[in-house]
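Structure first, then comments.
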Amino acid sequence: MTDAAAVAAMAEPRVRMAPSPTGYFHVGSARAALFNWFFARQQGGTLVLRIEDTDEARSRPEWTEGIISAMAWLGMQADAGPYLQSGEGVAHQAAIEALWSSGALYACACTRDEIDARVKARAAAGDPTPGYDGFCRDLGLPRGEGRALRFRTPDAGTLTVDDLVRGAVEFPLSALEDFVCVRGDGSPLFALANAVDDRTMAMTHVIRGEDLLPSTPRQVLLWEALNRAEGRELPLPFYAHLPLLVNEQGKKLSKRRDPVAVELYREQGYLPVAFRNYLALLGWSPGDEEILPVETLIERFRLEDVQKSPAFFDVKKLNHFNGVYIRMLSVPEFIEAARPWVDPVAGEWAPGSWIDPDTGAPVVAEVPWPPSRYDEVRFAEVASVAQERVAVLSEVPALVDFLFLEDAPIEEASWQKAIAGDEAAPQILGAALAGYAECAWDKDTLHAVTLEIAETAGRKLGKAQAPIRVAVMGRTTGLPLFDSLAVLGRDETRRRVAAALDRLAAAA
RNA sequence: GGCCCCAUCGUCUAGAGGCCUAGGACACCACCCUCUCAAGGUGGCGACACGGGUUCGAAUCCCGUUGGGGCUGCCA
């Protein structure tokens, strides 16, 4: 039977996502979770969430909550769990007993230093075999406090892992050392806990990152030993190892130097649908069209089509996707989505937080305006023109700040370029001050009046609007000027133009 | 060092022996549109790592080389 046929014959696939609680949700885990989720939804299977917290020293209960909420943000929900691996202790201990009784395990009294010393000595003698040498293998040491339990691996032969993504991968058993699977304190290590949990939770497919491929032979060996020791023949799950997510150097995304926390992207103003859509394209392709509803993604997803080579996590493309999704929002939806960034009271996080593209470090700006000056109605009036101009929600505050700050937030570079550096600026600003005094206050009239000012100054409108824009809005770029002035109001607009004129006079 | 994986534009990918003069998307460049900036439109630049086979025919199959990566812990 082919793999595809086997999958088709499987009545109810059971898959799992098994992150370790490290304080945040890693984008690599998110991508693996997504592919598991796609597979489960498409096949009518079950997705179980299992928190791999056997490393007690590095686990904290509250981290689990973060993983679940990040999953929920991405619109993914597990069908079962969360199970804590640490809660499976009884099953783990039973497995250890069975394995010990069957002779699959032996106690080892070697310390890390002793093992390293022997490896070194061997290397010096010309034997490059690395790892544990099986020193305690036939010593018949009894179990005891401080003694780890090692798995007796076969000395020869080949173990083949049939991977749904990579095909048959062969591992020479001679290179596989007797690995530790129970700590000196009696607690199980990853490989054992993982295999036991996959058995008790009846997993049919193990879909995970490629970094786990080298540890698969150990888990297969353990699985088979467990079949013998427990006297129940459980079928091995199908394995599918997903390509790694890498940075621009082609190296595995690392916590230290890459922005890997899903939470960071949420706080920066990425839409979950956009983020999820982008994630889906890392190592897989639905075809020429890339921006697709999740139903379509689920329908088209095939494990067999997953790419084998690593994928670079490209924030630029993510930004584009996010911009597209933002523009797909209705204006009310956009207002709602932007609320946390513009409304100082509703804000769950500081407006203006983003990830520095160079350092990858999160940057959090001051709350740009006090709650007393925020006006939701005014924001709503410029929302549609702001919506077209942002790729991430955290860009919104800088676009609308001129509405909520006491004075124009004048950027020095803009001032120098458009006002101080333009000899026609005083004339244009003066004309604006006068021209805006009496005219009707709507965007079309403002356009017409300003056009006249430009013509009088012998300028194209594009050039002539710059000093006014900077005087009122603070920057040479931003929302359309006349829409903005219309919302800001006649008095405030003229006050700011006059202020710019004063500053110019003071400088002269 | 040992074991394993990988190799199509800068990036994500389409491609399962002839449909490929290698398609799409992001980025980049130019032009158009335009009150700035975006968005949008049009066009452009740009890849089968290399060497051997197999075949009438290879991006697609095989071998080797080179390059990159992962693992190598009483972490997961």
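Below, chain A is the first sequence line, B the second, and so on; all start at residue 1. All of these numbers come straight from a predicted model, not from anything done at the bench.
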Tell me what A:A466 touches on the nucleic acid: a base, only sugar-phosphate, or nothing, going by heavy atoms under 4.0 Å.
nothing

Partner of B:G1 under the Watson-Crick or G-U wobble criteria, both distances under 3.5 Å, comes out as B:U72

* A:R300 with A:E289: basic N within carboxylate O range, under 4.0 Å -> no

Worksheet entry | Charged N-O contact under 4.0 Å between A:D401 and A:R475 | yes

Look at the aromatic rings of A:F313 and A:Y278 and report parallel, tilted or perpendicular, splitting at 30° and 60°.
perpendicular

inquiry  = Less than 6.0 angstrom from the centroid, inside 45 degrees of the normal: does A:R218 satisfy that with respect to the ring of A:F151?
reply    = no

If you take atom types as modelled and just measure distance, does the side chain of A:R166 reach the base of B:C5 with a donor-acceptor pair under 3.5 Å? no

Is a salt bridge present between A:R166 and A:E210, judged by a nitrogen-to-oxygen distance below 4.0 Å? yes

At under 4.0 Å between heavy atoms, what does A:E289 touch on the DNA or RNA strands: base, sugar-phosphate, or nothing? nothing

Rounded to whole Å, the CZ-C1' distance (A:R208 to B:C4) equals 14 Å

In numerical order, the residues of residues 106-118 of chain A whose heavy atoms come under 4.0 Å of RNA chain B are A:C110, A:R112

| message | Is it true that A:H92 and A:D197 share a donor-acceptor pair across their side chains at a distance under 3.5 Å? | response | yes

Whether each nucleotide of nucleotides 66-72 of chain B has a protein heavy atom under 4.0 Å at its base (B), only at its sugar-phosphate (S) or at neither (-) is summarised, 5' to 3', as ---SSS-

Testing B:C26, B:C3, B:C74 for proximity to the side chain of A:F171, the answer is B:C3

